[in-house]
**Student:** 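What follows is a single structure, and I will ask about it in a moment.
Computed over heavy atoms, backbone and side chain alike; hydrogens, waters and symmetry mates excluded. Note that the numbering runs from 1 along the sequence shown for the chain.
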Amino acid sequence: MTSRWGVWVLISLRGNDLRFYELRESISGISEKMLAQTLRALVRDGLVWREVEPTTPPQVTYGLTQFGRDIGEPLEELFDRIGRSRP
């Protein structure tokens with residue numbers, strides 16, 4: 001895994017495929033530069049797929065690969081437990 005941001009990206013993509021700016025809005029505190037770096041690493045590692053639509057400007061959509069879904073399931077359980085235990 002790349003960084004703590006990688007976990008947040010996997011969690012954000014667990015329900016739907018998202019465009020870059022939708023992802024950025026869903027992850028509080030991440031910069032555009034850090035999101036771009038994190039997505040490149042996750043695509044390279046085979047956890048996330050990337051699709052570019054040839055429009056002007058290009059529309060880029062990201063989603064989880066099957067490997068990314070397999071990795072994300074235990075993370076989702078962990079985050080749900082953490083959320084429930086917070087006062």
Side-chain angles (χ1 to χ4, degrees):
M1 183 83 40
T2 56
S3 67
R4 69 181 178 137
W5 295 116
V7 173
W8 288 109
V9 170
L10 293 176
I11 295 296
S12 293
L13 288 172
R14 74 182 185 264
N16 295 310
D17 303 338
L18 297 172
R19 293 200 172 128
F20 183 87
Y21 288 102
E22 293 172 323
L23 260 172
R24 196 173 113 217
E25 290 175 7
S26 74
I27 303 171
S28 179
I30 192 167
S31 69
E32 194 169 310
K33 178 181 176 184
M34 183 55 65
L35 179 57
Q37 290 174 351
T38 301
L39 285 167
R40 273 194 298 275
L42 291 171
V43 168
R44 182 189 64 233
D45 294 342
L47 297 167
V48 171
W49 56 262
R50 176 181 188 263
E51 180 181 325
V52 180
E53 295 178 38
T55 59
T56 305
Q59 294 181 349
V60 183
T61 304
Y62 295 90
L64 293 178
T65 63
Q66 186 58 51
F67 182 48
R69 290 190 189 289
D70 293 344
I71 295 289
E73 284 181 30
L75 294 175
E76 186 174 347
E77 291 176 26
L78 174 65
F79 274 64
D80 287 346
R81 283 185 183 211
I82 290 169
R84 284 193 307 263
S85 67
R86 293 169 105 180

**Student:** If you measure from CG on Leu13 to CD on Glu22, what distance do you get to the nearest 0.5 Å?
**Tutor:**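 Spacing of CG (Leu13) from CD (Glu22) equals 10.0 Å.
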**Student:** Quick one: does Thr65's side chain have a donor or acceptor within less than 3.5 Å of a partner on Gly46's backbone?
**Tutor:**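 At least one qualifying donor-acceptor pair exists.
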**Student:** Quick one: are Asp17 and Trp49 in side-chain contact, heavy atoms under 4.5 Å?
**Tutor:**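 Yes, at least one pair of side-chain atoms sits under 4.5 Å.
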**Student:** Which residue pairs pass the salt bridge (charged side-chain N to carboxylate O under 4.0 Å, His left out) test when at least one of the two sits in residues 56-67, sequence neighbours left out?
**Tutor:**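 Qualifying pairs: none.
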**Student:** Are any non-hydrogen side-chain atoms of Leu10 and Val48 less than 4.5 angstrom apart?
**Tutor:**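 They are in contact (side-chain heavy atoms under 4.5 Å apart), so the answer is yes.
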**Student:** Mind checking what makes side chain to side chain donor-acceptor pair (under 3.5 Å) contact with Arg69, not counting sequence neighbours?
**Tutor:**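 So Arg69 forms no side chain to side chain donor-acceptor pair (under 3.5 Å) with any residue.
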**Student:** Output all residues satisfying salt bridge (charged side-chain N to carboxylate O under 4.0 Å, His left out) with Arg40, sequence neighbours left out; order by chain, then residue number.
**Tutor:**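 Arg40 satisfies salt bridge (charged side-chain N to carboxylate O under 4.0 Å, His left out) with no residue once adjacent residues are dropped.
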**Student:** What's the separation between atom CD1 in Ile30 and atom CH2 in Trp5, rounded to the nearest 0.5 Å?
**Tutor:**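 The distance works out to 5.0 Å.
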**Student:** Quick check: do Leu18 and Tyr62 have side-chain heavy atoms less than 4.5 Å from each other?
**Tutor:**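 Not in contact.
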**Student:** Look up atom CG in Leu47 and atom OG1 in Thr38, then write down how far apart they are to the nearest 0.5 Å.
**Tutor:**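 OG1 of Thr38 is found 12.0 Å from CG of Leu47.
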**Student:** Go through the structure and list residues passing side chain to side chain donor-acceptor pair (under 3.5 Å) with Asp70, not counting sequence neighbours.
**Tutor:**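 Here the qualifying residues are Gln66.
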**Student:** Using side-chain heavy atoms (C-beta onward) and a distance below 4.5 Å, is Phe20 in contact with Gln59?
**Tutor:**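 No, every pair of side-chain atoms sits at 4.5 Å or beyond.
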**Student:** Holding to salt bridge (charged side-chain N to carboxylate O under 4.0 Å, His left out), I want the full list of residues that pass it with Arg19, two or more places apart in sequence or in another chain.
**Tutor:**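 So Arg19 forms a salt bridge (charged side-chain N to carboxylate O under 4.0 Å, His left out) with Glu53.
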**Student:** Compare every heavy atom of Ser26 with every heavy atom of Leu23, then report the nearest pair and how far apart it is.
**Tutor:**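 Shortest heavy-atom separation between Leu23 and Ser26 comes out as O-OG, 2.8 Å.
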**Student:** Would you indicate whether the side-chain heavy atoms of Val60 and Leu39 approach each other to under 4.5 Å?
**Tutor:**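 Result no, sub-4.5 Å side-chain heavy-atom pair not found.
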**Student:** Please enumerate all residues that pass side-chain contact (heavy atoms from CB on, under 4.5 Å) together with Ser31, with sequence neighbours excluded.
**Tutor:**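 Residues passing side-chain contact (heavy atoms from CB on, under 4.5 Å) with Ser31: Lys33, Met34.
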